[in-house]
Amino acid sequence: MLVVPEDAVAGLLDEDDAFAAVEATFAAMARGEARNFAVVREALGEGRQYGFKSGLDQAGGVLGVKAGGYFPGNAARGIVNHQSTVFLFDPETGIATAMVGGGLLTALRTAAAAAISIDRLARPEAGVLGMVGAGHQAAFQLRAAARVRPFRKVIAWNRDPGRLAALGRVAAELGLPFEAVALERMREAEVIVTITSSPAAALLDAHVAPGTHLACMGTDTRGKQEVEPAILARARVFTDEVAQSVTIGEAQHAVAAGLIAPDDITPVGAVIAGLAEGRRGADEITLFDGTGVGLQDLAVARVAVDRAVARGLAVSVTI
Ligand code: NAD
């Protein structure tokens, strides 16, 4: 079994690698060549969430699981709130082939999913990026989004405004003007990324202008919610995996309220594979419900392992 520790992952793949791996995975899912298994997600109390995301990509020869979760007390200890590890197995024999640190991989694959949705669904001329949330994932989201559209400005809101300065430094690195705004000003954004752990809608229907693309990335568990369900009712809704979108994703609330049905939700992989239409007009609101699927984790872990082997960085252990 090969071990790729968390601190080796950074040098092994970048945003472009994650984008390519996740895009190919979403298309393989839409073509029925790869499938995600049911998510296990358990509340441990005090806001801690722990679970497993797994799947099989038959064509790509990848079988595996990501184990981990969200531990909100970590920040106070100087540790990232998300902790996870990816395990890969030989699909023919079930032998464990690799164990890979999942922290950076999670951030890269989540940001890649949002960027793929922006690339495929946002208006080509979208110039103002709105960020809702300024936690650990937000910086990755901002960097990935900036790769797919030539934004001229970033506006951002966070419940705790003190965290916006760090996001502003990322915007500065990217050469983008940055302004902290009230949620009402999100109407100026042509693309909005939401990446919070909020339990109730912060972004309201009145905060979203026609023609906007939203990538709602924070809701990955039953009970979380970032946006008012009325937004989903007037949007065309896309997702990574419909089964997850309606149970643990942002769409859980709009479906429960009877505002949309599961059949109204299109996998973004179908757009990538040419099996479904993307944006239909300049005034249409498109919304990507990014719930995070196991196959995303396996795809980026596979890239990390292959690169680590090629560079002699993988540690071999016998189990
Ligand atoms: P973090 O703890 O570093 O940051 C949390 C963010 O949520 C901060 O911006 C905070 O201000 C905001 N927030 C917390 N409570 C809020 C509330 N009540 N109202 C509004 N905002 C609130 O977390 P992170 O690592 O940046 O992750 C953010 C979210 O993204 C989490 O919910 C996490 O589970 C989710 N996530 C999703 C995926 C996916 O694939 N969809 C992947 C990774 C993380």
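Atoms within a ligand are numbered from 1 in the order they appear, just like the ligands themselves. Since this is a predicted model, take the numbers as computed values, not measurements.
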Atom 37 (C) of ligand 1 sits nearest the protein heavy atom M217 O, 3.1 Å
Ligand-residue contact atoms, ligand 1 with N158, heavy atoms, under 4.0 Å | 8 (C), 9 (O), 10 (C), 11 (O)
Is there a donor-acceptor pair closer than 3.5 Å between any side-chain N or O of R149 and the backbone N or O of A126?
-> no
Could you see which bit of Q49 sits under 4.0 Å from ligand 1, with heavy atoms only: side chain, backbone, both or neither?
-> neither
Out of A201, P199, G290, the nearest non-hydrogen contact to atom 18 (N) of ligand 1 is supplied by P199
Can you sort out which atoms of ligand 1 are near N81, meaning under 4.0 Å from one of its heavy atoms?
-> 1 (P), 2 (O)
Counting only heavy atoms, which portion of T196 has something under 4.0 Å from ligand 1: side chain, backbone, both, or neither?
-> both
Which one of I118, L214, V132 satisfies the side-chain contact (heavy atoms from CB on, under 4.5 Å) criterion with V193?
-> I118
Just let me know how T291 lines up against ligand 1, side chain, backbone, both or neither, with a heavy-atom cut-off below 4.0 Å.
-> backbone
Shortest protein heavy-atom distance from atom 7 (O) of ligand 1, along with the residue and atom involved = S197 N, 3.0 Å
Please confirm whether the backbone N or O of A144 pairs with a side-chain atom of E15, one donor and one acceptor, at under 3.5 Å?
-> no
With heavy atoms of A134 as the reference, note each atom of ligand 1 found under 4.0 Å away.
-> 9 (O)
What is the closest protein heavy atom to atom 35 (C) of ligand 1, and at what distance does it sit?
-> G218 O, 3.4 Å
Between the side chains of H82 and T106, does any donor sit under 3.5 Å from an acceptor?
-> no
Short N-O contact, D205 and R234, less than 4.0 angstrom | yes
Counting each atom of ligand 1 from 1 as listed, which ones have a heavy atom of G133 under 4.0 Å away?
-> 9 (O)
Protein contact of atom 30 (O) of ligand 1 - nearest heavy atom, named by residue and atom, plus distance = I195 CD1, 3.4 Å
Cation-pi check, K224 to Y70: give yes when NZ or CZ is under 6.0 Å from the six-membered ring centre and within 45° of the ring axis, no otherwise.
-> yes
Got the closest protein heavy atom to atom 33 (C) of ligand 1, with its distance?
-> H82 CE1, 3.2 Å
Identify the protein heavy atom lying closest to atom 4 (O) of ligand 1, giving its residue, its atom name and the separation to 0.1 Å.
-> G135 CA, 3.4 Å
Backbone N or O of G278 within a donor-acceptor pair of the R236 side chain at under 3.5 Å?
-> yes
For R109 and ligand 1, answer yes if some heavy atom of the residue is under 4.0 Å from a ligand atom, otherwise no.
-> yes
Between Q141 and A114, is there a donor-acceptor pair closer than 3.5 Å when you use the side chain of the first and the backbone of the second?
-> no
Between K224 and ligand 1, find which residue part has any heavy-atom pair under 4.0 Å and reply side chain, backbone, both or neither.
-> side chain
Can you find an N or O of Y70 that's nearer than 3.5 Å to an N or O of ligand 1?
-> yes
Where the side chain of E23 meets the backbone of A20, is there a donor-acceptor pair that is under 3.5 Å apart?
-> no
Donor-acceptor contact below 3.5 Å, side chain R48 vs main chain L44 = yes
Any heavy atom of A202 under 4.0 Å from ligand 1? The part involved is neither
min-distance protein heavy atom vs atom 42 (C) of ligand 1 -> T110 OG1, 3.1 Å
Exercise: do D90 and T97 side chains pair donor with acceptor under 3.5 Å | no
A student checking ligand 1 against D220 at a 4.0 Å heavy-atom cut-off should list atoms 33 (C), 34 (O), 35 (C), 36 (N), 37 (C), 38 (C)
Lys/Arg-Asp/Glu bridge criterion (N-O < 4.0 Å) met for D220, R41 = yes
Atom 26 (O) of ligand 1 - nearest protein heavy atom and its distance | Q137 N, 2.9 Å
Where ligand 1 meets R163 - atom numbers and elements under 4.0 angstrom, heavy-atom basis | 3 (O), 4 (O), 8 (C)
Assess whether atom CD of E179 is packed by more than 12 heavy atoms of other residues, nucleotides or ligands within 6.0 Å.
-> yes
